[in-house]
Every structure is written in C-alpha cells, then in structure tokens.
S.K.: 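Would you mind keeping the following structure in view while I ask a few things?
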Amino acid sequence: MPTVICTDYGERTTENMFDYSSLFRLGYGLYVITTSLDGKDNAMICNAAIQVTDSPARMVVCIGKQNYTHDLIMQSKKLNVNCISVSAPFDLFRQFGFKSGKNEDKLKNVSFIRSANGLPILLKYVNAFISLKVDSYVDLDTHSMFICTVTDGQILTNEETMTYTYYHQNVKPKPQKKTGWVCKICGHIHEAESLPDDFTCPVCGHSKEYFERVEI
C-alpha cells in the first residue's frame with residue numbers, strides 16, 4: 001500500500017511523481033571560491049560548500065566541470081571559500097558569477113589579500129574565509145565533489161552569511177512588470193500602456209470593452 005502524506009498542498013502518495021521543487025527548500029550559503037595556478041588567479045560563485053566532519057575539520061565543495069575554476073582546483077589542489085555577507089550587492093555576483101575566467105581576469109580591480117596558501121581573500125562583502133587542501137574528489141558526472149581538509153580560516157566581520165534564498169528575495173534584480181491587456185473572450189494578451197478606442201482583438205475580433213488590464 002502506498003503511504004499517504006497530507007500537506008498544505010493536499011494529499012499525495014509515495015507513488016506520485018517526485019516534485020523537483022522540494023529541493024529548493026534546502027538551505028544554502030553563497031560563497032566566492034578562489035584558487036590559483038601558475039600565477040593565474042580565478043574566482044567563482046558557489047552554493048555547494050559544507051562542513052562534513054569536525055575532527056579533523058573537513059569540507060566538501062562541488063564545482064561544475066564547465067567552470068574554469070574546476071580545472072585550476074583539479075591541478076592546484078587548493079582553494080579558499082570566501083563567505084559572502086548579506087551586504088553584498090548584485091555587482092559582486094555579476095563579477096564572479098556571470099563571467100568566465102578563461103576570457104578575462106575576474107579579480108582585476110577587486111581588493112584582496114592572500115592567505116597563507118597564497119590564494120585571494122576578498123576584502124569587501126566577505127565575513128570569513130576558509131582555506132582548503134583537496135585530499136580527493138568524487139566524479140559526479142557534470143560536477144566534481146572535492147573532499148578537503150581545512151588548513152586555515154578566520155572571521156572577518158560580524159555580518160550574517162548570505163543564503164541562496166536571501167539572494168533571490170533581496171539582491172537579485174526582479175524582472176520589471178509590464179502593462180498588458182487580456183481579452184476576456186479568447187485570452188489573447190496585448191502588451192501596451194493603453195488601448196486605442198478602435199482597438200479590436202487580433203485573434204477573436206472583439207472590441208476594447210472586452211479587455212482587462214493586467215501586469216505581465
């Protein structure tokens with residue numbers, strides 16, 4: 001017999017299809033991962049870095065194989081986790097998340113110092129750093145999971161760490177709403193601030209009176 005689960009969204013059974021959006025309820029921090037190889041620094045945004053053991057202190061960090069940072073870590077076997085604070089603006093994510101280090105220096109014009117392992121620590125919008133040495137990795141098809149020993153770390157400010165949820169609710173720009181008009185007869189939506197008096201629906205031919213104003 002399938003198990004019946006009652007939720008705010010109604011009843012479902014264990015035979016129902018997996019709801020992928022349930023994964024969105026997991027909590028994630030946001031981090032700038034920095035690394036370096038042969039004098040070439042690079043950095044990227046990451047939301048998959050967690051502590052997994054306490055003694056010795058170990059973390060795992062998952063990086064997509066398409067990222068240039070992945071290749072540098074794979075060879076250098078070291079990285080820094082810069083914990084992003086809630087004061088970070090969207091420009092920080094644009095700088096480290098929407099560009100490729102293959103094509104440009106992502107740390108150009110960015111203030112940073114180097115930790116004992118020689119890697120960058122950002123001086124703005126970061127509340128702590130953790131230095132890691134890669135011990136091994138697990139191939140996860142599209143990603144590599146780096147299993148690391150913590151070699152250094154320090155709290156830099158008392159600000160809270162930004163979460164993935166906070167980023168989407170407070171930092172990521174919201175799409176601007178536009179005004180439209182929906183036909184109550186056929187459902188056609190016409191994007192415009194206003195409708196001329198002689199306007200007719202291009203789909204069903206009904207006049208302006210059959211349209212309702214909507215935000216799209």
S.K.: Which salt bridge (Lys or Arg N to Asp or Glu O under 4.0 Å) pairs, counting each pair once, include a residue from residues 150-169, with sequence neighbours left out?
M.R.: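 Qualifying pairs: none.
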S.K.: Honestly curious: do Ile84 and Leu107 fall in one hydrophobic cluster under the side-chain, below-4.5 Å linking rule?
M.R.: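 Per the 4.5 Å side-chain linkage, Ile84 and Leu107 are co-clustered.
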S.K.: Can you confirm whether more than 12 heavy atoms, excluding those of Lys174, are under 6.0 Å from its NZ atom?
M.R.: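 Check passes, neighbour count above 12.
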S.K.: Quick one: sort the Phe199 and Phe211 rings into parallel, tilted or perpendicular, breaks at 30° and 60°.
M.R.: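 Aromatic pair Phe199/Phe211 classed perpendicular.
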S.K.: Quick one: pull up CG in Leu156 and CD1 in Ile121 and give me the separation to the nearest 0.5 Å.
M.R.: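 Between Leu156 CG and Ile121 CD1, I get 7.0 Å after rounding to 0.5 Å.
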S.K.: Counting only N and O atoms by type, is there a donor-acceptor contact under 3.5 Å from the side chain of Lys65 to the main-chain atoms of Asp141?
M.R.: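 Indeed, once roles are kept as given, a pair shorter than 3.5 Å links the two residues.
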S.K.: Between Tyr125 and Val32, is there shared hydrophobic-cluster membership here, with clusters defined by ILVMFWY side-chain heavy atoms closer than 4.5 Å?
M.R.: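 Looking at the clustering, Val32 is in the same group as Tyr125.
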S.K.: side-chain contact (heavy atoms from CB on, under 4.5 Å), that's the test. Do Arg114 and Leu119 meet it? Break it down for me.
M.R.: CA-CA 5 Å; Arg114 295 189 185 273; Leu119 303 184; 5.7 Å; no
S.K.: Are His188 and Pro202 close enough that some pair of their side-chain heavy atoms sits under 4.5 Å apart?
M.R.: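 Yes; the side chains approach each other to less than 4.5 Å.
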S.K.: Please report the closest heavy-atom contact between Val61 and Ala49, naming both atoms and the distance.
M.R.: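 Shortest heavy-atom contact: CG2-CB, 3.9 Å.
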S.K.: List, by chain and number, the other hydrophobic cluster members for Tyr68, where Ile, Leu, Val, Met, Phe, Trp and Tyr join if side-chain heavy atoms come within less than 4.5 Å, directly or indirectly.
M.R.: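 Once heavy-atom contacts under 4.5 Å are chained together, Tyr68 belongs with Leu37, Leu72.
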S.K.: Could you go step by step and tell me if Thr157 and Asn127 meet the side chain to side chain donor-acceptor pair (under 3.5 Å) rule?
M.R.: CA-CA 5 Å; Thr157 77; Asn127 62 22; 5.2 Å; no
S.K.: Looking only at the side chains, is there a donor atom on one of Ser131 and Thr151 sitting less than 3.5 Å from an acceptor on the other?
M.R.: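 The answer is no; no qualifying pair exists.
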S.K.: Evaluate the ring planes of His206 and Tyr210, with Trp represented by its six-membered ring, and classify them as parallel (under 30°), tilted (30 to 60°) or perpendicular (over 60°).
M.R.: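 Ring orientation of His206 relative to Tyr210: perpendicular.
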S.K.: As an exercise, state the distance from SG of Cys83 to CE of Met162, rounded to the nearest 0.5 Å.
M.R.: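 Rounded to the nearest 0.5 Å, the SG-CE separation comes out at 12.0 Å.
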S.K.: Distance only, no hydrogens: is a donor on one side chain within 3.5 Å (strictly under) of an acceptor on the other, for Asn80 and Asn117?
M.R.: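 There is such a pair between these side chains.
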S.K.: Using a cut-off of 6.0 Å, state whether more than 12 heavy atoms not belonging to Lys172 lie near its atom NZ.
M.R.: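 Atom NZ in Lys172 is not packed in, count stays at 12 or less.
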S.K.: Quick check: does any side chain N or O of Ser144 sit under 3.5 Å from a backbone N or O of Phe146, one acting as donor and the other as acceptor?
M.R.: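 Looks like no, no N/O pair under 3.5 Å.
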S.K.: Using modelled atom types only, decide if a donor and an acceptor are shared between the side chain of Lys99 and the backbone of Arg94 within a distance under 3.5 Å.
M.R.: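 Not at all, since once roles are kept as given, no pair shorter than 3.5 Å links the two residues.
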S.K.: Would a distance-only check, ignoring hydrogens and angles, find a side-chain to backbone donor-acceptor pair under 3.5 Å from Gln51 to Thr53?
M.R.: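 Checking the backbone N and O of Thr53 against the side chain of Gln51, a donor-acceptor pair under 3.5 Å is found.
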S.K.: With sequence neighbours excluded, what pairs up with Phe112 under the ring pair (Phe, Tyr, Trp, His ring centres under 6.0 Å) test?
M.R.: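 If we apply the ring pair (Phe, Tyr, Trp, His ring centres under 6.0 Å) test to Phe112, skipping adjacent residues, there are no hits.
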S.K.: Have Thr163 and Thr165 got a donor and an acceptor in their side chains that come within less than 3.5 Å?
M.R.: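 No.
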S.K.: Locate the shortest heavy-atom distance separating Gly205 from Thr200; write the atom from each residue and the value.
M.R.: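 Minimum heavy-atom contact is O-CB, 3.9 Å.
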S.K.: How many angstroms lie between atom OG1 of Thr161 and atom OH of Tyr166, to the nearest 0.5 angstrom?
M.R.: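 One gets 12.0 Å once the value is rounded to the nearest 0.5 Å.
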S.K.: Is the backbone of Val214 close enough, under 3.5 Å, to the side chain of Trp181 for a donor and an acceptor to pair up by distance?
M.R.: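 No; zero donor-acceptor contacts below 3.5 Å.
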S.K.: Report the residue from Tyr31, Phe98, Tyr167 that forms a ring pair (Phe, Tyr, Trp, His ring centres under 6.0 Å) with Phe93.
M.R.: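 So the option named by the test is Tyr167.
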S.K.: Less than 4.5 Å apart, side chain to side chain, heavy atoms only: is that true for Ile33 and Asn82?
M.R.: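 A side-chain contact under 4.5 Å is absent here.
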S.K.: Should the heavy atoms of other residues, nucleotides or ligands under 6.0 Å from CG of Asn170 be counted, would the total exceed 12?
M.R.: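 Correct, the count exceeds 12.
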S.K.: Out of curiosity, does Val60 fall in the hydrophobic cluster containing Ile63 (side-chain heavy atoms, cut-off under 4.5 Å, transitive links)?
M.R.: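 Unlinked, Ile63 and Val60 end up in two clusters.
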S.K.: Take a 6.0 Å sphere around CG of Asp139 and say whether it holds more than 12 heavy atoms from other residues, nucleotides or ligands.
M.R.: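 More than 12 heavy atoms, drawn from other residues, nucleotides or ligands, come within 6.0 Å of this atom.
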S.K.: Under a 4.5 Å side-chain heavy-atom rule over Ile, Leu, Val, Met, Phe, Trp and Tyr, are Val81 and Phe96 clustered together?
M.R.: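 Different hydrophobic clusters.
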S.K.: For atom OH of Tyr164, is the number of surrounding heavy atoms from other residues, nucleotides or ligands below 6.0 Å larger than 12?
M.R.: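 Atom OH in Tyr164 is not crowded, with 12 or fewer foreign heavy atoms closer than 6.0 Å.
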S.K.: Measure the spacing between CG of Leu79 and SG of Cys46 and express it to the nearest 0.5 Å.
M.R.: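 Those atoms lie 9.0 Å apart.
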S.K.: Just to verify, what does Phe129 make a ring pair (Phe, Tyr, Trp, His ring centres under 6.0 Å) with, not counting sequence neighbours?
M.R.: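 With neighbours one apart ignored, the set is empty.
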S.K.: Give the C-alpha distance, both sets of side-chain angles, the deciding distance and a yes or no for side-chain contact (heavy atoms from CB on, under 4.5 Å) between Lys124 and Leu122.
M.R.: CA-CA 6 Å; Lys124 292 184 67 176; Leu122 304 190; over 6 Å; no
S.K.: Let me see the working for Lys106 and Met44 under side-chain contact (heavy atoms from CB on, under 4.5 Å), right down to the final yes or no.
M.R.: CA-CA 9 Å; Lys106 294 170 74 173; Met44 62 168 284; 4.2 Å; yes
S.K.: I'd like to know whether Ile73 forms a side-chain contact (heavy atoms from CB on, under 4.5 Å) with Lys78, so could you lay out the CA-CA distance, the side-chain angles of the two residues, the decisive distance to 0.1 Å, and finally the verdict.
M.R.: CA-CA 6 Å; Ile73 294 173; Lys78 59 183 181 179; over 6 Å; no
S.K.: Quick one: pull up CG in Leu132 and CE in Met59 and give me the separation to the nearest 0.5 Å.
M.R.: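 These two atoms lie 5.5 Å from each other.
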S.K.: Enumerate the salt bridge (Lys or Arg N to Asp or Glu O under 4.0 Å) contacts for residues 191-204, please, sequence neighbours excluded, ordered by first and then second residue.
M.R.: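 Qualifying pairs: Lys178-Glu191, Glu193-Arg213, Asp197-Lys208.
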S.K.: Distance-only, no hydrogens or angles: does the Lys77 side chain make a donor-acceptor pair with backbone N or O of Met74 under 3.5 Å?
M.R.: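 Yes; at least one donor-acceptor contact below 3.5 Å.
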S.K.: Which pair of heavy atoms, one from Val171 and one from Pro89, lies closest together, and at what distance?
M.R.: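 Shortest heavy-atom contact: CG1-C, 4.0 Å.
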S.K.: Same cluster or not: Ile50 versus Leu140, using hydrophobic residues (I, L, V, M, F, W, Y) connected whenever any side-chain heavy atoms lie under 4.5 Å apart?
M.R.: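 Yes.
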S.K.: Please say whether more than 12 non-hydrogen atoms of neighbouring residues, nucleotides or ligands are located less than 6.0 Å from CG in Asp54.
M.R.: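 Atom CG in Asp54 is not packed in, count stays at 12 or less.
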S.K.: With rounding to the nearest 0.5 Å, note down the distance linking CG in Leu92 to CD in Gln95.
M.R.: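 Going from the CG atom of Leu92 to the CD atom of Gln95 covers 8.0 Å.
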S.K.: Is there a donor-acceptor pair closer than 3.5 Å between any side-chain N or O of Ser36 and the backbone N or O of Lys40?
M.R.: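 Looks like yes, one N/O pair under 3.5 Å.
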S.K.: Please evaluate residues Ser76 and Thr35 with respect to the criterion side chain to side chain donor-acceptor pair (under 3.5 Å), reporting the C-alpha separation (whole Å), side-chain torsions for both, the decisive distance (0.1 Å), and the verdict.
M.R.: CA-CA 8 Å; Ser76 70; Thr35 190; 3.3 Å; yes
S.K.: My understanding is that only residues two or more places apart in sequence, or in another chain, count here; which of them pass side chain to side chain contact (heavy atoms under 4.5 Å, CB included) with Leu26?
M.R.: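 Here the qualifying residues are Leu23, Tyr28.
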